[in-house]
Amino acid sequence: MLSIYNTLTGKKEPFHPLQPTTVRMYVCGVTVYDYCHIGHARSALVFDVMRRYLEFTGYQVVFVKNFTDVDDKIIKRANERGVSCDVITAEFIEAYYQDMRKLGIRRATNEPKATEHMAEIIDLVRTLIQKGLAYQVDGDVYFQVEKYQAYGRLSKRKLEDLQAGARVEVDERKRHPMDFALWKSSKPGEPSWPSPWGPGRPGWHIECSAMSMRHLGETFDIHGGGMDLIFPHHENEIAQSCGATGKEFARYWVHNGFVQINQEKMSKSLGNFFTIREIFEKSEWSVEVTREILRYFLLSTQYRGPLDFSDQSLREAKNALNGFYDLFKRLAEPGLGSVETDGETDMEIGFTRESFRMGMDDDLNTPVVLAEFQRLKSEVNKSLSQGLSTEARKSARDEFRSLGNVLGLFQLDKWQFGLIRMDSERRPSAGNAPGFASTLFSDAEVQRKVDERVEAKKTKDFKRADEIRSELKSHGIVIEDKPDGTSRWKR
RNA sequence: GGCGCCGUACCCAAGUGGUUAAGGGAGCAGUCUGCAAAACUGCGAUGCAGCGGUUCGACCCCGCUCGGCGCCUCCA
């Protein structure tokens, strides 16, 4: 039974969807005016894993993730570039898809855009005005927070407290400083849509209410996003949605922690962020390998806690994965017929499967799950040294693959070996970096060298054998000798 | 000023009101090996920021202190 920490109640709660076999979840996507950074990657990954795990346990998941494609920052960026907003949003939606593909984040069931839901948004604003929860001033419409009694229940703030600390200039036309815009009249040159209150555009919060209700219904199961969205964004969504329908909106509110650099939140304003594409560009490794490194790193801490991003943390993820893929390489080699150790391995696999469920059920405790994988790796390695049948090898590999698939790990048939380098000073330039040099030999050429070395070893010509090994090593290829005198190698 | 989070070995990171505080990395010492690599084995917190309190018993519950961070403005 899955338990999820619900921000609304401040507790871990057993998860029961509204409908027995279907989970409906909505996650706040990105505002498309710039490239995504590793913090966006974490959020996307956390909910990707949550969705995969729900499916793994047998649910059907309707997963909606929006694009905010009307926004001040988009307009600003468009003006800077002297192009229309559409150009900006199209560019960064495409960039978003490229980045997510690299990370192996699955596409959502629905990926609505705010600009394509104007009718729903306007309807919702109209309802709120009719119910007396919103008011119109000139061409703007504001939500009146005092009219929604439960305002603050998600972020656990009181209106008075907020008022005391308000640091923003208050618009005099608002009835309460915390009232927020549902509809903004447009200035000349800004994108605008016709509405009962004149031409304008929606506020940020209302679009998520409108789109989630449109695609998931008035009440649905999970609403997710980064910690920073708890207030005001999600608080406001609740006020609008519950205010309009009189029903509960989302039932479980899930928020992921930040990625930090040197213990500080990664953000545009601090300038301490790494974009997803820059990480992939700087990586010495293929997209597939870098993807797993990043996923392993991002899942090495429970999703609610902070996570420090560093060169070292990526190395550690890489090293951990090296160990798994070394094992997989051994498992791919032919084994014996059925042997006694097979039974133990089967048992260990079963045990891991159970631990995996327990770990994931506990609010997606991925660090524990990773530790369980490590334990199984160690057990299988031991069994392997005592001999393991071909069949048992295959079932071990299959188990890693199927459980790992929930986290997006262990999916590769080929792995590479070595270190990742992050800092720009040592960024490999094409041609002379070790990572590129390894491409100078084709697999067949490497195999020929390895075969030659095996022959040299047979004739006790260790000098020649060592020469070959060091030559290959300089090309990023590592040889491991097996007990039977033959060798395996890896890039 | 308000709300909230965090502080576990050299580093990363789980965890529990009560037998030995997961796992990984690094390190050291072994086994194996022509040497290496990998794998395996062993060592490694007498203590879980500090101080009080509750309790038969707390790292885990409560309070305070110190240190770090986040939100209250756009933010994953």
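To find a chain, count down the sequence lines: A is the first, B the second, and so on, and within it residues start at 1.
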> Given the structure, check if the side chain of A/Arg157 and the base of B/C71 hold any donor-acceptor pair shorter than 3.5 Å.
yes
> Atom CG of A/Asp228 to atom P of B/A76: distance rounded to whole Å?
6 Å
> With a non-hydrogen cut-off below 4.0 angstrom, is A/Val259 in contact with a base, only sugar-phosphate, or nothing?
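Contact class for A/Val259: base.
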> Answer with yes or no after comparing the ring centroid distance for A/Tyr325 and A/Phe328 against a 6.0 Å cut-off, counting only values under it.
yes
> Please state how far atom CG in A/Asp326 lies from atom C1' in B/C40, giving the value in whole angstrom units.
14 Å
> Both A/Arg488 and A/Leu370 contact RNA chain B. Which one's nearest nucleotide lies toward the 5' end?
A/Leu370
> Which nucleotide, B/A38, B/G15, B/C40, lies nearest any side-chain atom of A/Glu480?
B/A38
> Which listed nucleotide (B/A76, B/C11, B/A22) is nearest to the side chain of A/Ala371?
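For the A/Ala371 side chain, the nearest candidate turns out to be B/A22.
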> Side chain of A/Met266 only, please: which of B/A14, B/A76, B/G70 is the nearest?
B/A76
> Does the separation of the ring centres of A/Phe92 and A/Tyr33 fall below 6.0 angstrom?
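Ring centroids of A/Phe92 and A/Tyr33 are no less than 6.0 Å from each other.
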> Check whether NZ of the Lys or CZ of the Arg A/Lys318 lies under 6.0 Å from the centre of the six-membered ring of A/Trp285 and within 45 degrees of that ring's axis.
yes
> Is the ring centre of A/Phe67 less than 6.0 Å from the ring centre of A/Tyr96?
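Between A/Phe67 and A/Tyr96, the centre distance is under 6.0 Å.
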> Starting at the 5' end of RNA chain B and moving along, which residue's nearest nucleotide shows up first, A/Ala465 or A/Asp362?
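Going by which nucleotide is closer to the 5' end, it is A/Asp362.
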> Under 4.0 Å: is that the gap between some side-chain N or O of A/Lys382 and OP1 or OP2 of B/U41?
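Indeed, a polar side-chain atom of A/Lys382 lies that close.
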> A/Asp481 CG to B/G34 P: how many Å, rounded?
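Distance, rounded to whole Å: 9 Å.
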> Starting the side chain at C-beta, find the nucleotide from B/A22, B/A76, B/C11 nearest to A/Thr31.
B/A76
> Between B/U31 and B/G23, how far apart are the C1' atoms? Round to whole Å, please.
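Nearest-Å result for B/G23 against B/U31 at atom C1': 23 Å.
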> Can you tell me, in whole Å, how much space there is between the C1' of B/G15 and that of B/A58?
14 Å
> Using a heavy-atom cut-off of 4.0 Å across all strands, would you classify A/Gly257 as base, sugar-phosphate, or nothing?
base
> For A/Leu159 and B/C3, give me the distance from atom CG to atom C1', rounded to whole Å.
13 Å
> Using atom CD of A/Gln260 as one end and atom C1' of B/C69 as the other, report the distance to the nearest whole Å.
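Atom CD in A/Gln260 sits about 7 Å away from atom C1' in B/C69.
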> Which nucleotide in the list B/A76, B/G23, B/C72 gets nearest to the side chain of A/Leu229?
B/A76
> Please confirm whether A/His255 and A/His234 have ring centers closer than 6.0 angstrom.
yes
> Given the C1' atoms of B/G50 and B/G68, what is the spacing between them in whole Å?
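Per the computed distance, 15 Å lies between those C1' atoms.
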> Between B/G68, B/C35, B/A39, which nucleotide has the shortest distance from any of its atoms to the side chain of A/Gln263?
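Nearest to the side chain of A/Gln263 among the choices is B/G68.
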> What nucleotide among B/G70, B/G23, B/G24 has an atom nearest to a side-chain atom of A/Phe258?
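Nearest to the side chain of A/Phe258 among the choices is B/G70.
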> Relative to each other, are the rings of A/Phe297 and A/Phe309 parallel, tilted or perpendicular (30° and 60° limits)?
perpendicular
> Could you identify the nucleotide paired to B/A36, looking across every strand shown and requiring Watson-Crick or G-U wobble geometry with both distances under 3.5 Å?
none
> For A/Asp466, which contact category applies under a 4.0 Å heavy-atom criterion: base, sugar-phosphate, or nothing?
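Counting heavy atoms under 4.0 Å across all strands, the contact made by A/Asp466 includes a base.
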> Students often get this wrong, so: under 4.0 angstrom with heavy atoms, is A/Asn256 touching a base, only sugar-phosphate, or nothing?
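Contact class for A/Asn256: base.
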> Looking only at atom C1', what distance separates B/G53 and B/C72, rounded to whole Å?
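Their C1' atoms lie roughly 33 Å apart.
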> Does A/Arg304 reach a base, just sugar-phosphate, or nothing at all? Heavy atoms under 4.0 Å.
nothing
> Using a heavy-atom cut-off of 4.0 Å across all strands, would you classify A/Phe231 as base, sugar-phosphate, or nothing?
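The answer is sugar-phosphate, as A/Phe231 gets under 4.0 Å only of primed atoms, P, OP1 or OP2.
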> Answer yes if the ring centres of A/Tyr26 and A/His223 are under 6.0 angstrom apart, and no otherwise.
yes
> Can you tell me the pairing partner of B/G27 across any strand shown, Watson-Crick or G-U wobble, with both distances under 3.5 angstrom?
B/C43
> Please report the distance, rounded to the nearest Å, between CG in A/Leu376 and P in B/A22.
20 Å
> If we take the P atom in both B/C51 and B/A39, what is their distance in whole Å?
41 Å
> A/Arg330 CZ to B/C32 P: how many Å, rounded?
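The distance from CZ of A/Arg330 to P of B/C32 comes to 18 Å, rounded to the nearest Å.
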> Name the orientation class of the two ring planes belonging to A/His40 and A/His37 (parallel below 30°, tilted from 30 to 60°, perpendicular beyond 60°).
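Rings of A/His40 and A/His37: tilted, 30 to 60°.
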> Assert yes or no for the condition that the ring centre distance of A/Tyr252 to A/Tyr5 is strictly below 6.0 Å.
no
> Would you please confirm or rule out a distance under 4.0 Å between OP1 or OP2 of B/C40 and any side-chain N or O of A/Ser378?
yes
> Mind checking who B/A14 pairs with, Watson-Crick or G-U wobble, both distances under 3.5 Å?
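Across any shown strand, B/A14 pairs with none.
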> Within less than 4.0 Å of OP1 or OP2 of B/C71, is there a side-chain N or O belonging to A/Lys265?
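For B/C71, OP1 or OP2 has a side-chain N or O of A/Lys265 closer than 4.0 Å.
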> What is the distance, to the nearest angstrom, from the CG atom on A/Asn66 to the C1' atom on B/A76?
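Interatomic distance, CG of A/Asn66 to C1' of B/A76: 12 Å.
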> Among residues 37-46 of chain A, which residues get a heavy atom nearer than 4.0 Å to RNA chain B?
A/His37, A/Gly39, A/His40, A/Ser43
> Sort out the partner of B/G70 for me: Watson-Crick or G-U wobble, both distances under 3.5 Å, none otherwise.
B/C3
> Counting the atoms with a prime plus P, OP1 and OP2 as sugar-phosphate, which does A/Thr301 contact under 4.0 Å by heavy atoms, base, sugar-phosphate, or nothing?
sugar-phosphate
> For the pair A/Tyr296 and A/Phe324, name the ring-plane relationship: parallel under 30°, tilted 30 to 60°, perpendicular over 60°.
tilted
> Using the P atoms only, state how far B/G63 lies from B/A26, rounded to an integer number of Å.
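It comes out at 41 Å once rounded to the nearest Å.
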> B/A9 and B/C43: how far apart are their C1' atoms, nearest whole angstrom?
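Roughly 14 Å separates the two C1' atoms.
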> Say we look at B/U20 and B/C62: how far apart would their P atoms be, to the nearest angstrom?
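Comparing P positions in B/U20 and B/C62 gives a spacing of 26 Å.
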> Find the partner of B/A58: check Watson-Crick (N1-N3 plus N6-O4 or O6-N4) and G-U wobble (N1-O2, O6-N3) distances, both under 3.5 Å, and reply none if neither fits.
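By the stated definition (distances under 3.5 Å), nothing pairs with B/A58.
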> Does any N or O donor sit under 3.5 Å from an N or O acceptor when you compare the side chain of A/Asn262 with the base of B/G68?
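Donor-acceptor pair under 3.5 Å: no.
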> Base, sugar-phosphate, or nothing: which does A/Ser300 touch, judged by heavy atoms less than 4.0 Å apart?
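Touches sugar-phosphate only.
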> Determine, using ring centers only, whether A/Tyr142 and A/Phe180 are less than 6.0 Å apart.
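A/Phe180 vs A/Tyr142: aromatic centres not under 6.0 Å.
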